[in-house]
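These notes are about the structure you will find just below.
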Amino acid sequence: MHDDLLPAFKRGDQRALARAITRCESGRGEELIHAVFGSAGRARTVGITGPPGVGKSTLVGVLVAHLRRQGKTVGVISVDPSSPFSHGALLGDRIRLTEHYTDPGVFIRSMASRGHLGGVAGATADAATLMDAWGLDVVVIETVGVGQSEIEIAEIADTTVVALQPGSGDSVQVLKAGILEIADVFVVNKRDHPMALQLERELRTMMEMTEFPGWTPPLVPTQAIAGEGVAALWDAIEAHDAYLRTTGTLARKRRGAFEHRVRALALGALAPRVEAAVATIADGDPYAAAHAVLARFGT
Ligand SMILES: Nc1nc2c(ncn2[C@@H]2O[C@H](COP(=O)(O)OP(=O)(O)OP(=O)(O)O)[C@@H](O)[C@H]2O)c(=O)[nH]1
Ligand SMILES: [Mg+2]
């Protein structure tokens with residue numbers, strides 16, 4: 001089925017991992033995922049999200065360095081659903097990981113949805129599964145923005161870090177957009193900025209007004225360009241991981257992520273068939289027409 005891809009993947013060949021991800025991205029990864037998903041579930045997955053320019057990539061870069069010093073191998077997935085063309089030459093620049101490109105313990109990939117049934121979140125989930133099954137210890141997923149697909153991608157990760165920056169006035173916007181609900185850890189980056197303490201105060205006030213069932217997200221100030229706060233950030237991620245494991249929340253969370261993927265795949269497969277049926281249905285009562293469409297699927 002997969003020519004030489006699967007054996008090479010299992011041997012730990014990095015190019016095989018890259019090819020496997022490409023195959024999944026283009027919607028041809030079903031058999032591959034089937035063959036390797038039993039080996040996944042060991043990696044720690046961390047999502048890093050937040051508005052453009054807050055320093056997510058700089059943070060990922062220093063986090064990768066921190067993890068490498070601990071001897072951990074790391075996969076990085078950079079997702080930018082808003083610009084499917086930000087590949088190739090732009091990638092190194094955009095994700096600021098150039099110093100890690102030659103490190104065999106670091107695997108870096110940018111994502112697009114292309115032909116994937118589950119959209120960009122589905123392609124990202126497959127890439128994370130592949131990196132995990134391939135044997136990377138930590139998978140970091142960077143997503144730009146605060147839209148629905150970012151929130152979806154956050155659902156895939158065990159721990160979601162929401163990064164904000166001072167002086168942007170977007171803290172309230174971000175929190176309105178449902179980001180407060182998905183954050184397991186808050187980062188206030190650019191703490192060298194004069195407004196940094198004010199943003200921290202704003203966030204703490206908002207958090208005091210919120211009921212957190214179980215886990216209260218810690219707030220970690222960082223200065224990513226200087227590598228400051230990165231150890232505290234990883235400690236916060238580890239603390240969240242310990243919470244997930246000791247309370248049984250991890251199993252629930254992963255079940256949620258699993259259902260999310262299954263739903264996306266099933267609906268993704270169904271959507272074009274519904275579209276085709278709708279196009280051929282005669283004008284008239286929309287309810288009766290909807291029933292007629294469903295009847296074609298035995299519903
Ligand atoms: N002053 C200051 N600047 C920083 C800090 N961290 C990152 N920057 C700068 O902020 C800019 C954006 O950094 P990126 O890491 O590319 O931000 P990003 O969130 O990944 O950006 P997108 O991927 O485009 O959304 C760069 O010019 C960084 O050098 C920091 O702690 N302090
Ligand atoms: Mg970035």
Side-chain angles (χ1 to χ4, degrees), residues 45-67 74-101 106-113 120-121 123-124 127-128 138-154 156-157 159-171 173-175 177 179 182-183 185-200 202-203 219-234 236-237:
T45 52
V46 180
I48 298 195
T49 191
V54 302
K56 298 178 296 296
S57 301
T58 311
L59 207 55
V60 170
V62 292
L63 188 61
V64 167
H66 181 75
L67 293 169
V74 193
V76 178
I77 306 174
S78 168
V79 188
D80 185 0
S82 56
S83 59
F85 305 112
S86 59
H87 285 271
L90 279 174
L91 175 66
D93 189 45
R94 196 170 71 78
I95 72 173
R96 297 172 201 281
L97 286 162
T98 34
E99 64 172 299
H100 300 296
Y101 263 108
V106 180
F107 183 89
I108 301 163
R109 181 63 182 234
S110 80
M111 290 312 293
S113 65
V120 70
T124 306
V138 180
V139 176
V140 181
I141 306 169
E142 176 190 341
T143 61
V144 186
V146 289
Q148 185 54 40
S149 51
E150 289 74 24
I151 292 175
E152 268 186 67
I153 288 160
I156 298 163
T159 299
T160 298
V161 176
V162 172
L164 300 171
Q165 67 176 342
S168 56
D170 55 18
S171 64
Q173 283 313 109
V174 164
L175 299 175
I179 287 289
I182 65 161
V185 176
F186 277 112
V187 162
V188 171
N189 190 39
K190 307 195 185 179
R191 75 171 177 202
D192 50 310
H193 190 284
M195 305 277 277
L197 283 175
Q198 188 182 323
L199 174 59
E200 273 187 53
E202 279 170 25
L203 280 170
L219 197 162
V220 184
T222 61
Q223 187 180 342
I225 34 161
E228 281 175 28
V230 67
L233 172 58
W234 183 247
I237 293 167

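Counting convention: from 1, in listed order, for ligands and their atoms alike.
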**Request:** Pick one of side chain, backbone, both or neither for how H193 approaches ligand 1, counting any non-hydrogen atom pair under 4.0 Å.
**Result:** neither
**Proximal ligand 1 atoms for Q223, defined as those under 4.0 Å from one of its heavy atoms** = 31 (O)
**Prompt:** Against heavy atoms of S57, which atoms of ligand 1 measure under 4.0 Å?
**Reply:** 15 (O), 18 (P), 20 (O), 23 (O)
**Request:** Examine the proximity of ligand 1 to N189 and report which part, side chain or backbone, both or neither, has a heavy atom under 4.0 Å away.
**Result:** side chain
**Item:** Metal site the Mg ion (ligand 2): N/O/S of T58 inside 2.8 Å
**Value:** no
**Asked** Under 4.0 Å from any heavy atom of D192, which atoms of ligand 1 are there?
**Response** 1 (N), 2 (C), 30 (C), 31 (O), 32 (N)
**Asked** Would you say ligand 1 has an N or O under 3.5 Å from any N or O of R191?
**Response** no
**Request:** Under 4.0 Å, heavy atoms only, figure out whether ligand 1 is touched by the backbone of V60, its side chain, both or neither.
**Result:** neither
**Prompt:** At a 4.0 Å threshold, what atoms of ligand 1 neighbour a non-hydrogen atom of E142?
**Reply:** 20 (O), 23 (O)
**Request:** Let me know which of T160, L63, I141 forms a side-chain contact (heavy atoms from CB on, under 4.5 Å) with I48.
**Result:** L63
**Asked** For the residue pair K190 and P166, what are the closest heavy atoms and their distance?
**Response** O-CG, 3.5 Å
**Heteroatom distance test (T222, ligand 1): nitrogen or oxygen, under 3.5 angstrom** = no
**Request:** Heavy atoms only: give me the nearest K56-P51 pair and the separation to one decimal.
**Result:** NZ-O, 2.8 Å
**Message:** For atom 12 (C) of ligand 1, which of the options G53, A226, A163, P51 provides the nearest non-hydrogen atom?
**Reply:** G53
**Request:** Output yes when a side-chain donor or acceptor of N189 lies under 3.5 Å from a complementary backbone atom of A224, and no otherwise.
**Result:** yes
**Prompt:** Considering all heavy atoms of both residues, which atom of V138 and which atom of L67 are nearest to each other, and what is their separation?
**Reply:** CG1-CD1, 4.0 Å
**Under 3.5 Å: N/O of L59 near N/O of ligand 1** = no
**Complete:** Within 4.0 Å of some non-hydrogen atom of P52, the atoms of ligand 1 are 25 (O)
**Prompt:** So what does the S57 OG - the Mg ion (ligand 2) - E142 OE2 angle come to, to 10°?
**Reply:** 80°
**Complete:** Minimal heavy-atom distance between T124 and I77, with the atoms involved, is O-CD1, 4.0 Å
